[in-house]
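Notes for the one structure printed next.
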Amino acid sequence: MLQYVLRRGGILRSIVIRSYSSQHTSIESKYEEKKRLYNSSTSRAVVSNRTVFCNMEMSLKYTSVYGFDFDFTLIQYTSEVLKFLYDESKKRMVDKLSYPSDIKHMKYDPDFVIRGLHLDIRHGLLMKMDAYHHIQLGSVYRGHESLSSDEVIKIYNGTHVPLYIMDDHMHREGNPRNLVHFLDSFSVPEVALFADISDYLYNNNIPFDPEYLYMDVESTIKEVHTSEVIHKAIITDPDRYIEDMSKVAKFLDKLKTSGKKLFLLTNSPFWFVDKGMRHVTKSNDWRELFDVIVCSARKPTFYSEVNRPFRSINVDTNVPRWERATQLKHGSEFVYQQGNIKEFIKLTDWSGSDVLYIGDHVYSDLTDPTLHLGWKTVAIIPELETEIIKSNCTSYKENLASLLALESVLNENQDSEIEQQWKRERARLRKILKETYNPHFGSIFRTERGPTYFSRRLMRFASLYTSSVSNFLNLSLDHAFYSRRSSLPHEPDINFDS
């Protein structure tokens, strides 16, 4: 009987082994077949980094008014501007706030952090969040040290972060806001400085409170902006700090000659805008392009406060006039500051979907116009250009095809005995794709599981998005944008693009 049991056990084992081997071969075959199919599609897919991408169907034909922000919209800055902001801020941290003198010798690393990250100011952790408020494991840093998945899960009791402590727009009275979202390009050196200083303090066993460090970095960065030292540096050497914007100037001229109304609405002071636009347009008469010019607008409060009147500026002295502005005259005659959206609409009669406003800050520039005004909006995301170039690489597309094929096979074979082995391979491919963009945080737009929190905001508040205003130049002013119809989870998965 014992021999029979052993013999029977041996037979069963051999059957299991043969079944496992057969199953593995079958799944492997399906995987290779799907990989060839996906490779065929992805290898032909090339995206132009000059494309204007559509979140919401719209047509320029019905747009009669174009509004523009200034910084990172009408002008794009070189990386030298972000380096200047970092360097000037670190010096002030030492000289004014008595931080260790070694901090002055830190070097700005533009490749460590990315736009769109969250900072947990209580724990001093920098992280990337997905669209559903989950932390992307493998992208959480204390200083320059990556935290393990187990450490992150222990701190947050999982990966989900409640909305009320992470979202500026849903902050409820009395609840703490632990996480700060860094949305615009100017925030990148701020995040980098926090990471560098905290890393130094940790490594040198210097006790500090991360929230105090955040407050010091934030106030110092703001001081550099408001002191206008960065503005003066840019104007002193515009070729060093400003990208070639000649195509933007041509687009503005195209709009004007086509009879469109143009307005400039920016938080920057007029004297800086004036010198910047002279450089961009190569003309002292750039104000002729704009029907209305509003500087020092203080967005986003421009959209919410109703008691701040417009004041005209003496363009020769840059001093506000005393008399109340009761109308908004052409930009060639008058320039205005402050004001509010209610009075702006009343004095211009520009409202609703006739208006297309273009800016780079998803919250300050685009949220209120989208939610409350019915304007169409465009987000300018300079980083998009580099990300598209990387995603067009052959190696990236090959790894993406492998991942898509593997996930399809996994979905169809969830009870297989080799499922864990395939999941490990999926993790490897995900890591490769992430590191294509940035070795620490990956893409601005995507996490391993789906869109980032930044992407969610971008899709919600921007009708269109692109890397530069100049990308509109070659489009007809009657151009219609059609959003891509993608399959919902419960619908047939049909992709005619491939």
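Basis for what follows: all heavy atoms, side chains included, without hydrogens, waters or symmetry-related copies.
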Of all residues at least two apart in sequence or in a different chain, which pass the side-chain contact (heavy atoms from CB on, under 4.5 Å) check with Ile206?
-> Pro100, Tyr200, Leu201, Asn204
All heavy atoms of Thr377 vs all of Phe461, minimum pair found to be OG1-O, 2.8 Å
Among Arg449, Arg430, Lys34, salt bridge (charged side-chain N to carboxylate O under 4.0 Å, His left out) partner for Glu407 = Arg430
Looking at residues at least two apart in the chain, or sitting in another chain, which of them share a ring pair (Phe, Tyr, Trp, His ring centres under 6.0 Å) with Tyr86?
-> Tyr108
Would you check, one step at a time, whether the test side-chain hydrogen bond (donor to acceptor under 3.5 Å, both in side chains) holds for Ser187 with Glu190?
-> CA-CA 5 Å; Ser187 68; Glu190 180 178 353; 6.0 Å; no
Please tell me if the side chains of Asp196 and Ile103 come closer than 4.5 Å, counting only heavy atoms from C-beta onward.
-> no
Which residues share a salt bridge (charged side-chain N to carboxylate O under 4.0 Å, His left out) with Asp71, sequence neighbours left out | none
Any residue meeting salt bridge (charged side-chain N to carboxylate O under 4.0 Å, His left out) with Lys35, in chain and number order, not counting sequence neighbours = Glu32
Tell me, which pairs form a salt bridge (charged side-chain N to carboxylate O under 4.0 Å, His left out) where one or both residues lie in residues 382-396, sequence neighbours left out?
-> Arg50-Glu385, Arg115-Glu383
Tyr66 and Phe68 aromatic ring geometry - parallel, tilted or perpendicular at 30°/60° bounds | parallel
Counterpart residues, ring pair (Phe, Tyr, Trp, His ring centres under 6.0 Å), relative to Phe84 (two or more places apart) | none
May I ask you to check whether Tyr453 and Tyr132 place their ring centres under 6.0 Å from each other?
-> no
Where do Phe208 and Tyr202 land on the ring-ring contact (aromatic ring centres under 6.0 Å, His included) test, with the steps shown first?
-> CA-CA 9 Å; Phe208 72 102; Tyr202 283 127; 5.0 Å; yes
Validation row: Phe263, Val65 side chains within 4.5 angstrom (heavy atoms) | yes
Minimum heavy-atom distance Leu366-Val378, with the two atoms named | CD2-O, 3.8 Å
Applying side-chain contact (heavy atoms from CB on, under 4.5 Å) to Lys222 and not counting sequence neighbours gives Thr226
CZ/Arg92: more than 12 non-hydrogen atoms of other groups inside 6.0 Å = yes
Asp216 side chain to Tyr99 side chain, donor-acceptor N/O pair below 3.5 angstrom = yes
Please check if the distance between the ring centroids of Phe72 and Tyr77 is under 6.0 Å.
-> yes
Checking side-chain contact (heavy atoms from CB on, under 4.5 Å) against Phe441, which of Thr452, Ile114, Val140 comes through?
-> Ile114
So the side chain to side chain donor-acceptor pair (under 3.5 Å) pairs with at least one residue in residues 458-478 (sequence neighbours excluded) are Thr466-Asn471, Ser467-Asn471, Ser468-Ser470
Taking the side chain as every heavy atom from C-beta outward, state whether Val94 and Lys91 have any atom pair closer than 4.5 Å.
-> no
With sequence neighbours excluded, residues passing salt bridge (charged side-chain N to carboxylate O under 4.0 Å, His left out) with Lys61 | none
Quick one: do the Tyr156 and Asp120 side chains pair a donor with an acceptor below 3.5 Å?
-> yes
pair Tyr357-Asp69: side-chain heavy atoms closer than 4.5 Å = yes
Do the ring centers of Phe182 and His118 come within less than 6.0 Å of each other?
-> no
Ring centroid separation for Phe445 and Tyr437, is it under 6.0 angstrom?
-> no
Partner set under side-chain contact (heavy atoms from CB on, under 4.5 Å) for Thr301, not counting sequence neighbours = Arg298, Ser304, Glu305, Arg308
Identify, with sequence neighbours excluded, every residue that meets side-chain contact (heavy atoms from CB on, under 4.5 Å) alongside Ile432.
-> Asn399, Arg428
Thr220-Glu223 side chain donor-acceptor pair, cut-off 3.5 Å | no
Ring pair (Phe, Tyr, Trp, His ring centres under 6.0 Å) partners for Tyr303, two or more places apart | none
